[in-house]
Amino acid sequence: MAPPLAAPRFHAALPRRLLLRPQKALPSWRRAARPDDQDLYVDDDIGDGFSFSGGKYAEAESPSKSDEWFAQGRMVKAHTLYGNKEKAKDPFFGLTMGKESQSSDDVFSWFCVESGSSSNPTVLLIHGFPSQAYSYRKVLPVLSDKYRSIAFDWLGFGFSDKPQPKYGFDYTLDEYTSALESIIDAVAPDKLSIVVQGYFAPIVVKYANEHQDKLNHLILINPPITDKHAKLPSTLACFSNFLLGEIFSQDPLRASDKALTSSGPYMMKEEDATVYRRPYLVSGSSGFALNAITRAMGKDLKVYIESMRSILASDSWNTKTTICWGMRDRWLTYDGVADFCDNLKHKFVELPMGGHHVQEDRGEELGNIIKRILRG
């Protein structure tokens, strides 16, 4: 059994002068988040909500997988904030939140990782909920010889911006659809193919329906597509519970490890866990975003799934579409998925050893399947 985490504390509730303390040099991803940082001190500009320190899950002194992964990517500006730029407040105490919960500019920053030559056809790899672009780490190199492949962190995840809800972004499904258009225009202005996994698939299909002339191929990996898929699994639904959800979403083990490993056969390595836990260990902003996204999913997911089915069944849908299914998915039932594809003549590919997050379980296999699909 893993050792217990240190007790959480509210940074934002403490006077600023009490938070200044000697500190070792910060890792690169924290310096990037706060470019004006002084390595000798750390204050509450970045910490907000709950934070955890000490023990097995504390930041390592040596470079970690988070540092290595961050070094492979770049920050891309896309999607304008709504409303005025009022400073975000703590949802519990009404105090000003730290920098990670603030929108520092008029346009959001997205973390993107790219591989392959820019002269090759573009493939956009979109992670599911809750996950990160890091989940495609085994797929990217497989595609790199023939394609320019790009993976990004959604707003609220990984290294991308995570503004406090109600201060520039509310994490609704409609907002995510609009934000997707912005990031695609920024990283892939010409034609492309899209691969999307899990609960963000209905958002991507809605975008694709309005931009079919831009798409070469659409690949959906374990998308929620039947009526039985409209209800979030308990592992995710707990984040939307009143008050309790705010606490659960601040637990890095529940929000990252459990959410990923409970969905299928994926056995998370400790070095990978450090990447997925990082946002929740740094600041409470990731947890507040997770809480807001879960509530939005609970409210609008059914409508989006129904819309996705209608779009994929429409006579006006002309985009080449393939659905890949990890047969060991513990969140979404397989019943009715194959029939849906057969009735609409969409291509269907089974991955017997994959779970809900197929790119985690069978990354290289999925990469080769994507290549075969795109080659036609």
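For the numbers below, each heavy atom of this structure counts, side chains included, while hydrogens, waters and symmetry mates do not.
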Subject >> Heavy atoms from other residues, nucleotides or ligands near CD of Glu364 exceed 12 (cutoff 6.0 Å) >> reply: no
**OP:** Decide if atom CE of Met353 counts as having more than 12 heavy atoms of other residues, nucleotides or ligands within a radius under 6.0 Å.
**Re:** no
Original post:
Less than 4.5 Å apart, any side-chain heavy atom of Leu312 and any of Phe340?
Top reply: yes
Subject >> Contact check, side chains of Ile194 and Ile184, non-hydrogen atoms, under 4.5 Å >> reply: yes
Original post:
Between the side chain of Ser178 and the main-chain N/O of Asp174, is any donor-acceptor distance below 3.5 Å?
Top reply: no
Original post:
Heavy-atom distance under 4.5 Å between the side chains of Ser117 and Arg148, does that happen here?
Top reply: no
Original post:
In Å, rounded to the nearest 0.5 Å, how long is the span from CG of Leu351 to CD1 of Ile369?
Top reply: 4.0 Å
Original post:
Going by heavy atoms in the side chains, are Val358 and Cys324 under 4.5 Å from each other?
Top reply: no
Original post:
side chain to side chain contact (heavy atoms under 4.5 Å, CB included) between Lys146 and Asn120: does it pass, once the steps are laid out?
Top reply: CA-CA 6 Å; Lys146 299 292 184 182; Asn120 289 336; 5.7 Å; no
Original post:
How about Lys206: does its NZ atom have over 12 heavy atoms from other parts shown lying under 6.0 Å from it?
Top reply: yes
Original post:
Quick check, are the ring centers of Phe348 and Trp325 under 6.0 angstrom apart?
Top reply: no
Original post:
Is the backbone of Glu306 close enough, under 3.5 Å, to the side chain of Ser310 for a donor and an acceptor to pair up by distance?
Top reply: yes
Subject >> Side chain to side chain, Tyr147 and Ile370, heavy atoms closer than 4.5 Å >> reply: no
Original post:
Heavy atoms, side chains only, cut-off 4.5 Å: are Trp110 and Phe159 in contact?
Top reply: no
Original post:
Quick one: are Leu218 and Trp317 in side-chain contact, heavy atoms under 4.5 Å?
Top reply: yes
**OP:** Report yes if the side chains of Cys238 and Leu244 come closer than 4.5 Å at any heavy-atom pair, otherwise no.
**Re:** no
**OP:** Measure the acute angle between the ring planes of His357 and Trp331, then classify it against the limits of 30° and 60° as parallel, tilted or perpendicular.
**Re:** perpendicular
**OP:** Using the rule that two of Ile, Leu, Val, Met, Phe, Trp, Tyr join whenever any of their side-chain heavy atoms come within less than 4.5 Å, decide whether Ile203 and Tyr207 are in one cluster.
**Re:** yes
**OP:** Compare every heavy atom of Ser182 with every heavy atom of His79, then report the nearest pair and how far apart it is.
**Re:** ND1-OG, 3.2 Å
Subject >> Sole residue of His346, His217, Arg372, Lys347 in side chain to side chain donor-acceptor pair (under 3.5 Å) with Thr322 >> reply: His217
Subject >> Arg295: partners by side chain to side chain donor-acceptor pair (under 3.5 Å), with sequence neighbours left out >> reply: Glu246
Subject >> Closest non-hydrogen atom pair, Cys341 against Ile323 >> reply: SG-CD1, 3.4 Å
Subject >> Pairs involving residues 210-227, ordered by first then second residue, that meet salt bridge (charged side-chain N to carboxylate O under 4.0 Å, His left out) (sequence neighbours left out) >> reply: Asp227-Arg309
**OP:** Could you check Trp69, Tyr134, Tyr266 and say which one makes a ring pair (Phe, Tyr, Trp, His ring centres under 6.0 Å) with Tyr276?
**Re:** Tyr134
Original post:
With sequence neighbours left out, which residue pairs that include part of residues 130-145 fulfil the salt bridge (charged side-chain N to carboxylate O under 4.0 Å, His left out) condition?
Top reply: Arg137-Asp272, Arg137-Glu360, Asp145-Lys371
Subject >> Least distance between heavy atoms, Gly336 atom then Thr226 atom >> reply: C-CG2, 4.3 Å
**OP:** Check the pair Glu175, Tyr82 against side chain to side chain donor-acceptor pair (under 3.5 Å), reporting the backbone distance first and the verdict last.
**Re:** CA-CA 10 Å; Glu175 282 179 300; Tyr82 73 75; 5.1 Å; no
**OP:** Write down the atom of Ile373, the atom of Ile219, and the distance for their closest heavy-atom approach.
**Re:** CG2-CD1, 3.8 Å
Subject >> Test item: side-chain donor near acceptor, Ser66 and Thr274, under 3.5 Å >> reply: no
Original post:
At their closest point, which heavy atom of Gly73 faces which heavy atom of Val113, and how far apart are they?
Top reply: CA-CG2, 3.9 Å
Original post:
Is the distance between the ring centroids of Tyr136 and Phe152 under 6.0 Å?
Top reply: no
Subject >> Centroid separation Phe111 to Phe157 less than 6.0 Å >> reply: no
Original post:
So does Lys231 have more than 12 non-hydrogen atoms from other groups sitting under 6.0 Å from NZ?
Top reply: no
Original post:
In the single-linkage hydrophobic clustering (I, L, V, M, F, W, Y; side-chain heavy atoms under 4.5 Å), do Leu236 and Val303 co-cluster?
Top reply: no
Original post:
For residues Thr319 and Thr321, is any side-chain donor paired with an opposing acceptor at under 3.5 Å?
Top reply: no
Original post:
Shortest non-hydrogen contact from Asp170 to Ala292?
Top reply: O-CB, 4.2 Å
Subject >> Criterion side-chain contact (heavy atoms from CB on, under 4.5 Å) against Ile221, the qualifying member of Val349, Leu366, Val196 >> reply: Leu366
